[in-house]
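Naming: A, B, ... by sequence-line order, numbering from 1 per chain. None of these values were measured; they are calculated from a predicted model.
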There are 2 protein chains.
Amino acid sequence: MATLADVARRAGVSPATASRIINGSPKPVTEALRARVLAAVEELQYVPNAHAQQLARNHRSAVGVIVHDVSDPYFSEITRGLQRVATEHGRLVIICNTYRDPEKELEYVELLRANQAAAIILAGSGYHDEEFTRTLDAKLRVYQATGGHVAVIGRHEHSGHAVIPANEAGGQLIGAELFRLGHTRIGVVAGPRHLTTTSDRLNGLRRAARQHGRKLSARQIVYADFDRSGGASATATLLDTQPDVTAIVALNDSMAIGALAVLRERGIDVPGRISVTGFDDMPIARDVTPALTTVRLPLADMGARAMTLALQPPEPLNTPHIEHVDAELIRRESTAPPPPDPR
Amino acid sequence: MATLADVARRAGVSPATASRIINGSPKPVTEALRARVLAAVEELQYVPNAHAQQLARNHRSAVGVIVHDVSDPYFSEITRGLQRVATEHGRLVIICNTYRDPEKELEYVELLRANQAAAIILAGSGYHDEEFTRTLDAKLRVYQATGGHVAVIGRHEHSGHAVIPANEAGGQLIGAELFRLGHTRIGVVAGPRHLTTTSDRLNGLRRAARQHGRKLSARQIVYADFDRSGGASATATLLDTQPDVTAIVALNDSMAIGALAVLRERGIDVPGRISVTGFDDMPIARDVTPALTTVRLPLADMGARAMTLALQPPEPLNTPHIEHVDAELIRRESTAPPPPDPR
DNA sequence: CGTACGCGGGAAAGCGCTTACCGGATTCCC
DNA sequence: GGGAATCCGGTAAGCGCTTTCCCGCGTACG
């Protein structure tokens with residue numbers, strides 16, 4: 001691997017001069033030398049060692065993003081927004097997948113700190129786990145104390161900047177819509193119990209119920225993984241234990257798609273016999289049949305805003321900024337009034 | 001930011017000893033000192049500077065992955081497989097999105113080289129561009145010459161290891177299936193012309209046609225972006241210029257989904273009036289209606305294999321290994337025999 | 001009791017780069 | 001024409017860590 005010294009030697013200049021030319025330092029350098037150095041760079045296919053540069057310059061350049069899983073469309077949309085902004089700022093982004101393991105989340109914060117990340121973005125739901133939350137927060141504070149910026153998406157328990165989607169309001173929108181259509185027996189296909197996203201969305205639903213003089217009982221809610229197969233298994237359970245539901249609220253679109261798959265298998269008409277709703281409005285929500293009624297969250301935009309917050313925090317510095325983002329109900333074909341009561 | 005020297009000072013030992021304890025070096029150290037150092041680490045919340053370590057140790061630890069776009073399910077599946085293997089090997093993976101800009105691909109190779117990546121994985125289609133291909137190859141060779149490993153997925157023009165999906169055979173499978181069903185007027189919704197993936201899949205289709213004594217004319221093929229909206233617009237064009245097609249072959253699932261959307265809008269029955277096929281078998285292919293007949297590529301597995309190849313190249317070293325992966329026809333509900341000829 | 005040896009710990013030399021500082025050669029102005 | 005100002009380029013001191021080499025001590029042995 002060619003080093004700067006090699007280039008300098010070949011061009012017959014000092015490493016200092018070579019460095020100045022290669023990095024376009026403000027210090028003026030004769031044209032002749034510049035040409036010689038550039039030629040040497042070309043001949044040796046020299047690329048500066050980024051680690052050595054980072055060490056010598058002592059200023060951070062990369063940014064880290066911690067997500068549950070980039071292959072989940074929810075996160076890949078967010079990531080797309082993040083990346084766009086990071087690239088505009090000339091930042092390299094390091095993506096870390098926790099696969100929903102809180103332990104890994106902690107590890108990755110250390111790893112990013114070790115790698116001198118300029119900022120850490122935490123995307124995805126928090127966990128209902130006091131101890132974990134405290135530990136994570138402590139680590140983040142240490143990171144911030146040494147000049148790191150942190151922004152979180154979709155959780156609120158940390159000291160950094162935050163972009164908070166209206167999960168609760170979204171849940172309420174869904175609930176209101178279903179009650180308005182006349183549904184009374186609703187089943188909920190929920191994500192993991194310990195995720196704050198799950199409980200926030202559920203709370204919105206509960207509030208809508210209360211406003212319509214009803215309430216959600218525990219029997220109506222089935223918890224499972226926040227993905228297609230979780231949605232499928234929870235729906236199967238629900239159909240077996242609460243066979244008379246007329247609407248199934250899935251707490252994200254992936255689960256809703258799992259629900260649709262099970263309903264299709266069992267030959268249950270959607271929305272004729274059972275209405276189904278999702279949450280997030282991922283791109284595919286339009287393409288399943290029937291197209292999903294869901295709540296839109298501007299995911300890519302949320303990612304972009306979080307990155308912006310992390311990269312150029314608004315005044316006053318060191319005061320966490322919280323940006324709320326609205327949810328919007330998207331009516332499509334998977335919802336309709338309930339069928340006339342067979343009883 | 002606490003440094004190793006700070007820790008050493010606090011524990012009353014030399015930096016050398018501190019380093020040995022923290023990294024669990026083979027050199028034995030008294031238990032008392034170990035405890036003191038570990039305590040200091042804890043108190044100072046010390047995390048070693050990864051760049052300094054990398055510089056001092058002088059051996060590569062990260063691996064880089066260059067993809068078109070992680071938010072595209074095709075790549076996120078591949079990435080999932082890659083990550084799994086990388087994590088098993090304790091490697092940090094740096095994901096780079098080119099957004100299909102060849103220029104960026106070149107830049108990222110440099111960037112990864114600068115960051116001392118142990119391996120570079122190039123995923124995604126190559127480009128039909130002689131000069132670009134040569135330039136890229138030259139860069140990769142330089143990287144390999146300095147001990148870097150490279151593996152490519154889905155292209156064949158480079159000197160590293162390769163995992164090659166049976167794009168052509170897959171195209172042939174689709175073609176054969178359609179001809180077998182009795183289709184004669186087929187339209188192709190293709191990806192960008194300059195991508196090798198497009199031409200490979202098309203060639204398979206052409207071969208199937210030839211075997212059935214037919215051929216594909218240029219008028220039957222519409223090129224567009226390799227995503228949903230590309231699929232939609234190409235399908236619209238096709239329906240306008242070739243209104244009598246009885247089957248639409250989309251060259252990937254995203255495009256097929258776009259095609260289905262347009263057909264649905266126009267009230268055209270699938271597969272009653274027109275059959276539609278995809279390619280890749282992304283998870284959603286089962287969930288659209290009608291479920292897509294497509295060709296399955298084991299994407300996550302391909303990613304895993306590429307990473308394995310890059311991380312522990314099989315003997316003999318320095319000889320590019322090529323692994324071919326099979327394509328499999330998945331019959332679902334989007335294909336059927338053509339309707340009786342109206343003429 | 002003296003020497004050899006093993007063992008735990010420290011001093012110091014780098015890894016590849018940046019950058020403050022310094023110094024020799026021009027140029028400039030009075 | 002001489003001293004100051006001005007340029008350009010080089011020298012060297014780090015950035016934070018690892019690791020080789022060496023040294024002093026305690027033990028075992030002759």
Worksheet item: Of the non-hydrogen atoms in A/Tyr127 and A/Thr133, which two are nearest, and what is the gap between them?
Response: O-OG1, 3.6 Å
Worksheet item: Which residues within residues 28-45 of chain A lie with some heavy atom under 4.0 Å of an atom in DNA chain D?
Response: A/Pro28, A/Val29, A/Thr30, A/Leu33
Discussion item. Tell me whether the rings of B/His149 and B/His161 are parallel (<30°), tilted (30 to 60°) or perpendicular (>60°).
Written reply: parallel
Discussion item. One character per nucleotide, please: for nucleotides 11-19 of chain C, 5' to 3', B when the base has a protein heavy atom closer than 4.0 Å, S when only the sugar-phosphate does, - otherwise.
Written reply: B--BBBBBB
Donor-acceptor side-chain pairing of [X] and [Y] below 3.5 angstrom:
| X | Y | value |
| --- | --- | --- |
| A/Arg113 | B/Asn49 | no |
| A/Ser76 | A/Thr79 | no |
| A/Ser125 | A/Thr197 | yes |

Item to complete: Output the distance between atom CG (A/Leu311) and atom CD1 (A/Ile121), rounded to the nearest 0.5 Å.
Response: 7.5 Å
Fill in: Any N/O donor-acceptor pair, B/Lys27 side-chain to C/dG9 base, under 3.5 Å
yes
Item to complete: Answer with yes or no after comparing the ring centroid distance for B/His68 and B/Tyr99 against a 6.0 Å cut-off, counting only values under it.
Response: no
Fill in: Partners passing salt bridge (charged side-chain N to carboxylate O under 4.0 Å, His left out) against A/Glu107 (at least two apart in sequence or in another chain)
none
